[in-house]
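Just below is one structure, and these are the notes that go with it.
Note that the structure is a prediction, hence the values are computed from the model and not measured.
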Amino acid sequence: MSMTITEKILARAAGRDEVKPGDNIWVNADILLTHDVCGPGTIGVFKREFGEDAAVWSREGVVIIPDHYIFTKDVKAHRNIDILREFVQAQDLPYYYDPGTANYKGVCHVAMPQEGHVRPGEVIFGTDSHTCTHGALGAFATGIGNTDAGFVMGTGKLLIKVPETLRFTLNGQLQKGVTAKDIILRAIGDVGVDGATYCAMEFDGDGIEGLTIEDRMTICNMAIEAGGKNGIIASDDKAEAYVRARTDKPFTPLYSDPDSPVREHRTYDLSELVPCVAEPNLPDKYAVAADRTEVKLTRAYIGSCTGGKISDFIMAAQILKGRKVSVDTFLVPATQEVAEGLMSEHVDGQSLVEIFADADCLDIAPPSCAACLGGPLDTFGRANTDEVVISTTNRNFIGRMGSKQAQIYLASPYTAAASAVAGHIADPREFL
Amino acid sequence: MSDAAPVISGKVYVVGDNIDTDQIIPAQHLNLVPTIPEEYKILGSYALIGLPDDYPPFVEEGQMETAFPIVIAGRNFGCGSSREHAPLSLGAAGLKAVVAESYARIFFRNAVATGELYPMESQVRLADLFKTGDEATLDIGGGTLTAADGTVYDLKPIGDVAPVVSAGGIFAYAREAGMIEDR
């Protein structure tokens, strides 16, 4: 039977020769990811159901990356990290990245691939909806709740439904100034915020080759914003080299059969895409950036698992070099590695940190999820009033970045940086 | 949920489309750990506090529980985050069931896995036919919602998750199926 990459990965993880969409199957997990917001509850479920002294199903399978509420005075946030520490120590878990130490990473979805925890053909469950990011390296990766995560923690298995697939074939090359973020915002705009509900969003086509691994992460990261169960791009030489540079663990990639049936197939000529935004308050409110220049902004935000990778900051720096921002511009590198990259990477001979300082951006924050999801009241960049924000993050729901009165426009780092300079939404191609 | 499927009567609270998890439980309250009993209760007091200000309160200020046992919603209820705090906060507030046109995948799954509330699906757009405060009777087993004037609305069968729901959630189901040992 002809199968998609998602079906093949799930079939293998279920020990079956084949599966079809709609089948409910028990699959074996390779990785369970959790963080400080959902980890304590997951641990609570695990202990309640398996016993205080139960051992996790696999010490190497559990990856815990605190990232949400790190740089806050919130007492419970600190308590929650202490719960993680105590559990990690009791279970002797090797993959824990502790805040306040040299081992701290930052945003889990950027740290996961950086640390070699994402491998083609594997199954990753995470207590975070943006776990779908990891499909960028040809893995099946999806977000789950604490109860399911507690189950995986104890058994290494989960009962899941095999999703139908929506296939997006990306052909050609993006124009200068147009990015992976513009691809995924366009795709979400086309299918709608529930257009991929319960489905895999598979991206293929000759345009994939020209996308970096970080571009692919940006695309798969936002599959959930169309309701997708997972986003996935089959691995290629570039992806496999990226993974091999980060882990010695063997892996066996899988690929869609060319004629594998899907529920829906859309084809995009990447050269026709343009810089865009998603208007408040849903990620599918697609608008061409050049058509929204009347929208005045009060701040710009560059960060998160979607838009806080080193490539995102390089794009922002290309725009901001030699210019000044006209609104408060918040920069939050996703991980420590990205933060270091801001010093070591250069655009036209100037380091990113210097470019951002010269452009009058606010002081760069330490890596974490920060204001992407609002968070505790003292979170860096939190929109506490009726701010109008252009942001490289993933969600623009009412109250997402803090105040219900704030308005959030989602955009690429190019568009966010150009708009920060202009003080209104702007087409970045005029700045490159 | 392992009890016989209940019949729930009371006032309904009506919301629109795409009620996301940030509206159900804003992120500033995710410092609460739902498996700590007192924090679970506090989560309930914040349920749906992220809705726009023109909605009436779902939980009155100073109260821990809601006067509404049933939420009626439009499409894509619970979209966004995987935070299990969302169905848990609704359940902690005393909500018994949501009747929506459709659900986001993770919210639906979390509602079932926790056994916290019944995620029922309507066949027609009930959010336009009911207003907050209307009385209704929801028959989970019979799959109907009956309005105060006696109009009966058939709901969709609960479907593939029925065995999991009947067993009382993912752990009970797995124990029945022999996947994990009895406690």
Taking 4.0 angstrom as the limit, do B:E101 and B:R125 come out as a salt bridge? yes
Does one side chain, of A:T147 or B:E84, offer a donor that lies under 3.5 Å from an acceptor on the other? yes
What I want to check is whether the side chains of A:H35 and A:D128 have a donor and an acceptor closer together than 3.5 Å. yes
Between A:Q405 and B:D53, a side-chain donor and acceptor under 3.5 Å: yes
Between A:I43 and chain B, which part of the residue has a heavy atom less than 4.5 Å away: side chain, backbone, both or neither? neither
If you define the side chain from C-beta out and look only at heavy atoms, does anything of A:F151 sit under 4.5 Å from A:I144? no
Could A:R395 and B:D22 be called an ion pair, given the rule that one side-chain N must be under 4.0 Å from one carboxylate O? no
So which of B:N18, B:L51, B:N31 has the largest heavy-atom pair count under 4.5 angstrom toward chain A? B:N31
Please flag which part of A:L373 lies under 4.5 Å from any non-hydrogen atom of chain B: side chain, backbone, both or neither. both
Is it the side chain or the backbone of B:F107 that comes within 4.5 Å of chain A heavy atoms, both, or neither? neither
Heavy-atom distances under 4.5 Å only: say whether A:Y69 touches chain B with side chain, backbone, both or neither. side chain
Of B:R105, B:E39, B:Q23, the largest count of non-hydrogen pairs under 4.5 angstrom with chain A goes to B:R105
B:I180 portion near chain A, given a 4.5 angstrom heavy-atom threshold: side chain
For each of B:I36, B:L32, B:I106, B:D17, tally heavy-atom pairs with chain A at distances under 4.5 Å, and name the one with the top tally. B:I106
Heavy-atom proximity to chain B below 4.5 Å, by part of A:K157: side chain
Going by side chain to side chain contact (heavy atoms under 4.5 Å, CB included), B:V7 matches just one of B:L138, B:T144, B:I140, B:D139. Which one? B:D139
So that I can tick it off, tell me whether A:D82 and A:R85 are bridged by a salt bridge, with the cut-off set at under 4.0 angstrom between side-chain N and carboxylate O. yes
Say whether, by atom type as modelled, one donor and one acceptor occur between the side chain of B:D20 and the main chain of B:C79 under 3.5 angstrom. no
Name the region of B:L88, side chain, backbone, both or neither, that has any atom closer than 4.5 Å to a heavy atom of chain A. neither
Side chain from CB out, backbone as N, CA, C, O: work out which of these in B:P26 comes under 4.5 Å of a heavy atom of chain A, or both, or neither. neither
Chain A contact via B:I49 - side chain, backbone, both or neither, heavy atoms under 4.5 Å: backbone
Of the backbone (N, CA, C, O) and the side chain (C-beta and beyond), which part of B:H29 lies under 4.5 Å from a heavy atom of chain A, both, or neither? neither
